Number of protein chains: 2
Amino acid sequence: MASEVGLSTAAVHERVKKMVERGVIERFSLRVDPERVGLRFTAFVAVRNDGGIHCREVAPLLREMPEVLELHSVAGEYDFLAKIRTTHARALEEVLYKIKAIPGVARTTSTVVLNTEFEDRPLRLP
Amino acid sequence: MASEVGLSTAAVHERVKKMVERGVIERFSLRVDPERVGLRFTAFVAVRNDGGIHCREVAPLLREMPEVLELHSVAGEYDFLAKIRTTHARALEEVLYKIKAIPGVARTTSTVVLNTEFEDRPLRLP
DNA sequence: GTTGAAAAATTCGCTGT
DNA sequence: ACAGCGAATTTTTCAAC
(Lines give C-alpha, C1' and ligand atoms only; values in the text may rest on other atoms or scores of the structure.)
Protein backbone atom coordinates (compact mmCIF):
# COMPACT_ATOMS: atom_id res chain seq x y z
CA MET A 1 0.00 0.00 0.00
CA ALA A 2 2.73 2.42 1.01
CA SER A 3 5.14 1.70 -1.85
CA GLU A 4 2.50 2.44 -4.49
CA VAL A 5 2.02 5.91 -3.07
CA GLY A 6 5.68 6.63 -2.30
CA LEU A 7 5.38 6.86 1.49
CA SER A 8 6.56 4.69 4.35
CA THR A 9 3.99 2.30 5.84
CA ALA A 10 4.08 4.32 9.05
CA ALA A 11 3.25 7.55 7.22
CA VAL A 12 0.32 5.90 5.42
CA HIS A 13 -0.88 4.55 8.74
CA GLU A 14 -0.81 7.99 10.33
CA ARG A 15 -2.77 9.48 7.45
CA VAL A 16 -5.44 6.78 7.58
CA LYS A 17 -5.69 7.14 11.36
CA LYS A 18 -6.24 10.87 11.01
CA MET A 19 -8.91 10.39 8.37
CA VAL A 20 -10.71 8.03 10.77
CA GLU A 21 -10.42 10.61 13.58
CA ARG A 22 -11.69 13.41 11.33
CA GLY A 23 -14.61 11.24 10.18
CA VAL A 24 -13.59 11.19 6.51
CA ILE A 25 -13.27 7.41 6.77
CA GLU A 26 -16.45 6.30 8.54
CA ARG A 27 -15.64 2.63 8.94
CA PHE A 28 -13.83 -0.40 7.63
CA SER A 29 -16.05 -3.03 6.13
CA LEU A 30 -16.25 -6.04 3.92
CA ARG A 31 -18.73 -6.55 1.13
CA VAL A 32 -20.81 -9.71 1.25
CA ASP A 33 -22.51 -10.86 -1.96
CA PRO A 34 -26.21 -10.55 -1.08
CA GLU A 35 -27.15 -13.41 -3.45
CA ARG A 36 -24.74 -15.78 -1.74
CA VAL A 37 -26.40 -15.27 1.62
CA GLY A 38 -29.91 -15.76 0.26
CA LEU A 39 -30.90 -12.15 -0.36
CA ARG A 40 -32.00 -12.60 -3.96
CA PHE A 41 -34.73 -10.00 -4.20
CA THR A 42 -34.20 -6.23 -4.31
CA ALA A 43 -36.74 -3.44 -4.59
CA PHE A 44 -36.85 0.31 -4.22
CA VAL A 45 -39.92 1.36 -2.27
CA ALA A 46 -41.19 4.92 -2.30
CA VAL A 47 -43.15 5.81 0.84
CA ARG A 48 -45.64 8.62 1.29
CA ASN A 49 -46.65 9.88 4.70
CA ASP A 50 -49.98 11.67 4.80
CA GLY A 51 -49.75 13.14 8.26
CA GLY A 52 -50.49 10.32 10.72
CA ILE A 53 -47.17 10.91 12.49
CA HIS A 54 -44.39 13.33 11.67
CA CYS A 55 -41.89 12.34 8.98
CA ARG A 56 -39.12 12.49 11.59
CA GLU A 57 -40.78 9.65 13.46
CA VAL A 58 -41.15 7.47 10.38
CA ALA A 59 -37.43 7.12 9.64
CA PRO A 60 -36.54 5.43 12.98
CA LEU A 61 -39.35 2.90 12.44
CA LEU A 62 -38.00 2.02 9.00
CA ARG A 63 -34.52 1.71 10.50
CA GLU A 64 -35.79 -1.04 12.78
CA MET A 65 -36.54 -3.21 9.76
CA PRO A 66 -33.36 -5.09 8.80
CA GLU A 67 -34.59 -5.52 5.22
CA VAL A 68 -34.39 -1.74 4.71
CA LEU A 69 -30.77 -1.26 3.69
CA GLU A 70 -30.94 2.39 2.75
CA LEU A 71 -33.36 5.18 3.46
CA HIS A 72 -33.41 8.57 1.82
CA SER A 73 -35.70 11.49 2.45
CA VAL A 74 -36.65 12.70 -1.02
CA ALA A 75 -38.32 15.56 -2.87
CA GLY A 76 -41.35 14.88 -5.01
CA GLU A 77 -44.56 12.93 -4.62
CA TYR A 78 -43.09 10.63 -1.98
CA ASP A 79 -41.33 11.39 1.29
CA PHE A 80 -38.90 8.48 1.44
CA LEU A 81 -37.13 6.14 -0.88
CA ALA A 82 -36.05 2.84 0.69
CA LYS A 83 -33.77 0.20 -0.77
CA ILE A 84 -35.01 -3.16 0.42
CA ARG A 85 -33.50 -6.63 0.15
CA THR A 86 -35.34 -9.85 0.96
CA THR A 87 -35.00 -13.55 0.22
CA HIS A 88 -37.85 -13.49 -2.34
CA ALA A 89 -40.84 -11.45 -3.55
CA ARG A 90 -43.17 -12.96 -0.98
CA ALA A 91 -40.96 -11.62 1.82
CA LEU A 92 -41.20 -8.11 0.38
CA GLU A 93 -44.96 -8.32 0.81
CA GLU A 94 -44.43 -8.86 4.55
CA VAL A 95 -42.16 -5.83 4.76
CA LEU A 96 -44.68 -3.71 2.86
CA TYR A 97 -47.39 -4.72 5.34
CA LYS A 98 -45.16 -3.56 8.20
CA ILE A 99 -44.45 -0.27 6.44
CA LYS A 100 -48.14 0.31 5.71
CA ALA A 101 -48.91 -0.38 9.36
CA ILE A 102 -47.01 2.81 10.31
CA PRO A 103 -49.60 5.50 11.13
CA GLY A 104 -49.78 8.07 8.36
CA VAL A 105 -48.16 5.92 5.68
CA ALA A 106 -50.80 6.20 2.99
CA ARG A 107 -49.15 4.83 -0.07
CA THR A 108 -46.09 2.92 -1.20
CA THR A 109 -44.82 2.30 -4.71
CA SER A 110 -42.37 -0.51 -5.29
CA THR A 111 -39.89 -0.71 -8.11
CA VAL A 112 -38.67 -4.28 -8.51
CA VAL A 113 -35.00 -4.79 -9.40
CA LEU A 114 -34.53 -7.37 -12.16
CA ASN A 115 -30.76 -7.26 -12.10
CA THR A 116 -28.19 -5.19 -10.25
CA GLU A 117 -25.67 -4.12 -12.90
CA PHE A 118 -23.26 -2.65 -10.34
CA GLU A 119 -23.25 -1.38 -6.79
CA ASP A 120 -20.83 -0.03 -4.15
CA ARG A 121 -18.52 1.72 -6.53
CA PRO A 122 -15.60 3.62 -5.06
CA LEU A 123 -16.30 7.34 -4.88
CA ARG A 124 -14.41 9.48 -7.35
CA LEU A 125 -13.00 12.40 -5.39
CA PRO A 126 -14.12 15.67 -7.02
CA MET B 1 -12.36 -10.35 16.79
CA ALA B 2 -11.80 -14.02 17.55
CA SER B 3 -12.40 -13.84 21.30
CA GLU B 4 -15.88 -12.40 20.79
CA VAL B 5 -16.83 -15.40 18.67
CA GLY B 6 -15.00 -18.06 20.70
CA LEU B 7 -12.49 -19.15 18.05
CA SER B 8 -8.75 -18.77 17.66
CA THR B 9 -7.59 -15.93 15.42
CA ALA B 10 -6.21 -18.48 12.97
CA ALA B 11 -9.56 -20.29 12.74
CA VAL B 12 -11.31 -16.99 12.05
CA HIS B 13 -8.69 -16.27 9.40
CA GLU B 14 -9.33 -19.62 7.68
CA ARG B 15 -13.07 -19.00 7.65
CA VAL B 16 -12.67 -15.51 6.20
CA LYS B 17 -10.24 -16.84 3.58
CA LYS B 18 -12.71 -19.53 2.54
CA MET B 19 -15.51 -17.00 2.28
CA VAL B 20 -13.31 -14.87 0.01
CA GLU B 21 -12.48 -17.95 -2.12
CA ARG B 22 -16.14 -18.94 -2.37
CA GLY B 23 -17.09 -15.40 -3.32
CA VAL B 24 -19.31 -14.82 -0.30
CA ILE B 25 -17.02 -11.97 0.71
CA GLU B 26 -16.54 -9.94 -2.45
CA ARG B 27 -14.01 -7.43 -1.20
CA PHE B 28 -12.62 -5.50 1.73
CA SER B 29 -13.36 -1.83 1.71
CA LEU B 30 -13.55 1.31 3.74
CA ARG B 31 -16.44 3.71 3.78
CA VAL B 32 -15.69 7.35 3.04
CA ASP B 33 -18.26 9.96 4.08
CA PRO B 34 -19.41 11.35 0.71
CA GLU B 35 -20.16 14.78 2.23
CA ARG B 36 -16.60 15.06 3.57
CA VAL B 37 -15.12 14.63 0.12
CA GLY B 38 -17.46 17.15 -1.49
CA LEU B 39 -20.18 14.84 -2.81
CA ARG B 40 -23.10 16.68 -1.27
CA PHE B 41 -25.80 15.98 -3.82
CA THR B 42 -27.56 12.66 -4.34
CA ALA B 43 -30.32 11.70 -6.77
CA PHE B 44 -31.99 8.57 -8.07
CA VAL B 45 -32.43 8.75 -11.80
CA ALA B 46 -34.83 6.47 -13.66
CA VAL B 47 -33.84 5.93 -17.29
CA ARG B 48 -36.03 4.76 -20.15
CA ASN B 49 -34.61 3.34 -23.33
CA ASP B 50 -36.93 3.53 -26.32
CA GLY B 51 -35.02 1.30 -28.68
CA GLY B 52 -32.10 3.36 -30.02
CA ILE B 53 -29.61 0.73 -28.85
CA HIS B 54 -30.22 -2.46 -26.88
CA CYS B 55 -30.57 -2.22 -23.11
CA ARG B 56 -27.47 -4.41 -22.70
CA GLU B 57 -25.39 -1.71 -24.39
CA VAL B 58 -26.73 1.07 -22.18
CA ALA B 59 -25.45 -0.34 -18.88
CA PRO B 60 -21.74 -0.25 -19.85
CA LEU B 61 -22.11 3.37 -20.94
CA LEU B 62 -23.59 4.31 -17.58
CA ARG B 63 -20.78 2.42 -15.86
CA GLU B 64 -18.27 4.73 -17.50
CA MET B 65 -19.74 7.68 -15.61
CA PRO B 66 -18.08 7.87 -12.17
CA GLU B 67 -21.05 9.77 -10.74
CA VAL B 68 -23.25 6.71 -11.26
CA LEU B 69 -22.63 4.73 -8.07
CA GLU B 70 -25.28 2.08 -8.54
CA LEU B 71 -27.23 0.80 -11.52
CA HIS B 72 -30.17 -1.53 -11.40
CA SER B 73 -32.21 -2.94 -14.25
CA VAL B 74 -35.81 -2.56 -13.11
CA ALA B 75 -39.36 -3.60 -13.93
CA GLY B 76 -41.96 -0.94 -14.67
CA GLU B 77 -42.10 2.18 -16.78
CA TYR B 78 -38.34 2.65 -16.74
CA ASP B 79 -35.52 0.29 -17.67
CA PHE B 80 -32.86 1.42 -15.21
CA LEU B 81 -32.59 3.05 -11.85
CA ALA B 82 -29.30 4.81 -11.16
CA LYS B 83 -28.02 6.22 -7.89
CA ILE B 84 -25.99 9.31 -8.68
CA ARG B 85 -23.76 11.48 -6.48
CA THR B 86 -22.35 14.83 -7.52
CA THR B 87 -20.87 17.89 -5.84
CA HIS B 88 -24.05 19.94 -6.38
CA ALA B 89 -27.30 20.09 -8.36
CA ARG B 90 -25.66 21.85 -11.29
CA ALA B 91 -23.31 18.90 -11.74
CA LEU B 92 -26.27 16.50 -11.95
CA GLU B 93 -27.50 18.46 -14.94
CA GLU B 94 -24.24 17.67 -16.74
CA VAL B 95 -24.60 13.97 -15.96
CA LEU B 96 -28.20 14.00 -17.21
CA TYR B 97 -27.06 15.58 -20.47
CA LYS B 98 -24.56 12.74 -20.90
CA ILE B 99 -27.23 10.14 -20.14
CA LYS B 100 -29.69 11.71 -22.57
CA ALA B 101 -26.97 11.71 -25.23
CA ILE B 102 -27.04 7.89 -25.24
CA PRO B 103 -28.95 6.76 -28.36
CA GLY B 104 -32.38 5.46 -27.42
CA VAL B 105 -32.54 7.11 -24.02
CA ALA B 106 -35.84 8.90 -24.38
CA ARG B 107 -36.70 9.97 -20.89
CA THR B 108 -35.19 10.30 -17.44
CA THR B 109 -36.90 11.09 -14.16
CA SER B 110 -34.82 12.32 -11.26
CA THR B 111 -35.70 11.96 -7.61
CA VAL B 112 -33.63 14.38 -5.55
CA VAL B 113 -32.42 13.18 -2.15
CA LEU B 114 -32.96 15.77 0.59
CA ASN B 115 -31.29 13.75 3.31
CA THR B 116 -29.83 10.28 3.53
CA GLU B 117 -31.20 8.80 6.76
CA PHE B 118 -28.98 5.73 6.57
CA GLU B 119 -26.99 3.76 4.04
CA ASP B 120 -24.63 0.76 3.84
CA ARG B 121 -26.24 -1.22 6.56
CA PRO B 122 -24.83 -4.65 7.34
CA LEU B 123 -26.92 -7.39 5.73
CA ARG B 124 -29.00 -9.45 8.11
CA LEU B 125 -28.43 -13.09 7.17
CA PRO B 126 -31.79 -14.82 6.53
C1' DG C 1 -9.44 -26.02 15.00
C1' DT C 2 -4.93 -25.47 17.02
C1' DT C 3 -0.09 -24.27 17.42
C1' DG C 4 3.90 -21.55 16.40
C1' DA C 5 7.14 -19.31 13.13
C1' DA C 6 7.20 -15.84 9.41
C1' DA C 7 5.21 -11.70 7.73
C1' DA C 8 2.89 -7.65 8.27
C1' DA C 9 0.77 -4.11 10.85
C1' DT C 10 1.02 -0.53 14.58
C1' DT C 11 3.37 2.30 17.85
C1' DC C 12 7.26 4.98 19.26
C1' DG C 13 11.01 8.24 19.27
C1' DC C 14 13.40 11.03 16.36
C1' DT C 15 14.28 14.40 12.46
C1' DG C 16 13.38 18.08 9.35
C1' DT C 17 9.94 21.34 8.03
C1' DA D 1 2.67 21.95 15.55
C1' DC D 2 3.04 18.58 12.01
C1' DA D 3 4.28 15.13 8.32
C1' DG D 4 7.50 11.56 7.58
C1' DC D 5 11.05 7.91 8.62
C1' DG D 6 13.33 3.67 10.73
C1' DA D 7 13.32 0.56 14.52
C1' DA D 8 10.86 -1.84 18.26
C1' DT D 9 6.63 -3.97 19.42
C1' DT D 10 2.33 -6.13 18.62
C1' DT D 11 -0.82 -8.43 15.64
C1' DT D 12 -1.99 -11.07 11.66
C1' DT D 13 -1.09 -14.57 8.35
C1' DC D 14 0.01 -19.15 6.84
C1' DA D 15 2.11 -23.64 7.10
C1' DA D 16 2.28 -28.00 9.58
C1' DC D 17 -0.35 -30.74 12.76
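Lettering follows sequence order; numbering is per chain, from 1. The structure displayed is predicted, hence computed values, not measured ones.
Looking only at distances, no side-chain donor or acceptor of B:Asp33 sits under 3.5 Å from a matching main-chain atom of B:Val37. No side-chain donor-acceptor contact under 3.5 Å links B:Ser110 to the backbone of B:Val112.
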Pairs under 3.5 angstrom only: tabulate donor-acceptor contacts from the side chains of residues 10-28 of chain B to other protein residues two or more places apart or in another chain.
{"residue": "B:Glu26", "atom": "OE1", "partner": "A:Arg31", "partner atom": "NE", "Å": "2.6"}
{"residue": "B:Arg27", "atom": "NH1", "partner": "A:Asp120", "partner atom": "O", "Å": "2.7"}

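In this structure, B:Val95 is not a member of the same hydrophobic cluster as B:Phe44, with clusters built from ILVMFWY side-chain heavy atoms closer than 4.5 Å.
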Self-check item: Letter per nucleotide, 5' to 3', of nucleotides 3-16 of chain D [B base touched, S only sugar-phosphate touched, - untouched; heavy atoms, 4.0 Å]
Solution: SSBB------BB--
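Considering only residues two or more places apart in sequence or on other chains, A:Glu70 meets the salt bridge (charged side-chain N to carboxylate O under 4.0 Å, His left out) condition with A:Lys83, B:Lys83.
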